[in-house]
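Step one of this worksheet: look at the structure below.
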Amino acid sequence: AAAAAAAARDSLLNICMDAKHHKTEPGPEGQLYGQCALWKENACCTANTSLEAHQDQSYLYNFNWDHCGAMPEKCKRHFIQDTCLYECSPNLGPWIDQTDTSWRKERILHVPLCREDCEQWWEDCRDAVTCKVNWHKGWNWTTG
């Protein structure tokens with residue numbers, strides 16, 4: 001029983017999501033940029049994706065971190081780290097959720113966050129602003 005449980009757990013690791021910018025399977029990417037470099041030995045992202053994750057106006061999702069005014073750098077680093085985790089980590093299998101959108105078949109949901117990281121994210125972003133209640137839906141993309 002323990003061997004079966006270990007095999008089931010391991011089948012959820014070392015995989016890439018079926019999403020817009022993910023590789024089909026993880027592997028080395030020696031040139032990952034900035035905060036994404038943590039995954040350079042085994043990544044689901046490419047070097048170009050890792051670079052774009054750090055841009056204020058990125059082609060990844062046609063999204064601008066500064067959509068409601070300049071986001072403070074100390075705050076932005078948390079969102080960049082979150083993007084790197086999403087795009088690059090090969091170990092998100094336990095949190096992959098099926099979805100059916102035009103740009104991805106899978107997403108991650110309910111990924112745990114360490115309390116210290118959560119508190120630091122809050123401290124670093126508490127004075128930042130956004131124009132949206134929910135970043136996951138309701139955007140008007142008609143103007144690009």
Side-chain angles (χ1 to χ4, degrees), residues 5-144:
R9 181 194 69 233
D10 291 346
S11 71
L12 297 175
L13 302 178
N14 204 38
I15 61 171
C16 296
M17 274 184 285
D18 183 0
K20 189 173 184 178
H21 301 289
H22 288 75
K23 299 183 330 189
T24 55
E25 59 185 52
E29 286 288 335
Q31 298 299 315
L32 292 186
Y33 182 80
Q35 291 173 247
C36 296
L38 294 170
W39 290 275
K40 70 181 180 180
E41 300 300 323
N42 195 33
C44 288
C45 64
T46 63
N48 191 48
T49 296
S50 73
L51 177 63
E52 286 294 324
H54 290 76
Q55 304 303 313
D56 286 340
Q57 178 66 51
S58 171
Y59 88 92
L60 291 179
Y61 301 102
N62 196 26
F63 186 79
N64 190 325
W65 296 122
D66 297 328
H67 63 275
C68 279
M71 182 184 286
E73 289 301 317
K74 67 182 182 177
C75 177
K76 193 179 300 181
R77 71 182 179 87
H78 295 281
F79 288 96
I80 292 170
Q81 190 67 43
D82 177 67
T83 302
C84 288
L85 174 74
Y86 173 80
E87 296 292 347
C88 301
S89 178
N91 297 317
L92 293 171
W95 303 282
I96 290 178
D97 183 54
Q98 302 302 308
T99 189
D100 191 15
T101 64
S102 62
W103 55 282
R104 67 180 177 183
K105 299 298 179 209
E106 295 178 328
R107 64 180 182 171
I108 51 174
L109 196 60
H110 305 303
V111 177
L113 181 64
C114 294
R115 179 179 178 162
E116 296 83 9
D117 291 337
C118 182
E119 290 172 352
Q120 190 63 58
W121 198 333
W122 165 251
E123 285 301 319
D124 290 346
C125 296
R126 69 184 317 155
D127 297 322
V129 296
T130 183
C131 302
K132 288 284 291 161
V133 172
N134 185 339
W135 282 14
H136 292 280
K137 61 184 179 180
W139 291 97
N140 178 353
W141 297 105
T142 58
T143 62

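- Annotation: the span from I96 atom CD1 to R107 atom CZ amounts to 12.0 Å, rounded to 0.5 Å.
- When atom types are taken as modelled, the side chain of H78 and the backbone of C75 share no donor-acceptor pair closer than 3.5 angstrom.
- Side-chain atoms of D97 and I108, non-hydrogen and from C-beta on, never get closer than 4.5 Å to each other.
- In this structure, the side chains of N91 and N42 stay at 4.5 Å or more apart for every pair of heavy atoms.
- Judged as a side chain to side chain donor-acceptor pair (under 3.5 Å), and not counting sequence neighbours, the contacts of K23 are E29.
- Side-chain atoms of H54 never come within 3.5 Å of backbone atoms of I80 as a donor-acceptor pair (strictly under, hydrogens ignored).
- Closest heavy-atom contact between C44 and P90: SG-CA, 3.7 Å.
- Heavy atoms only, all atoms of each residue included: L32 and W39 are closest at CD1-C, 3.7 Å.
- Between the OG atom of S89 and the CE atom of M17 there is a distance of 8.0 Å, given to the nearest 0.5 Å.
- Rounded to the nearest 0.5 angstrom, E106 CD and D100 CG are separated by 11.5 Å.
- Between the side chain of D66 and the main chain of M71, a donor-acceptor pair closer than 3.5 Å is present.
- Across the pair C88 and C45, the gap between the SG atoms, which is the quantity tested here, stays under 2.5 Å.
- The CZ atom of R126 sits 10.5 Å away from the CG atom of D124 when rounded to the nearest 0.5 Å.
- Residue K76 qualifies as enclosed at atom NZ: its count of foreign heavy atoms under 6.0 Å is above 12.
- In this structure, CH2 on W121 lies 4.0 Å from CG on D82, to the nearest 0.5 angstrom.
- For the ring-ring contact (aromatic ring centres under 6.0 Å, His included) test, residues two or more places apart in sequence or in another chain that qualify with Y86 are H22.
- The CG atom of L113 sits 11.5 Å away from atom CD of Q120, with the distance rounded to the nearest 0.5 Å.
- Looking only at side-chain heavy atoms (C-beta outward), Q35 and T83 stay at 4.5 Å or farther from each other.
- Remark: Q31 CD is loosely packed, at most 12 non-hydrogen atoms of other residues, nucleotides or ligands lying under 6.0 Å away.
- Using a cut-off of 4.0 Å between Lys/Arg side-chain N and Asp/Glu carboxylate O, R115 and E119 are scored as salt-bridged.
- Of all non-hydrogen atoms in I15 and G93, the two that sit nearest each other are CD1-CA, 3.9 Å.
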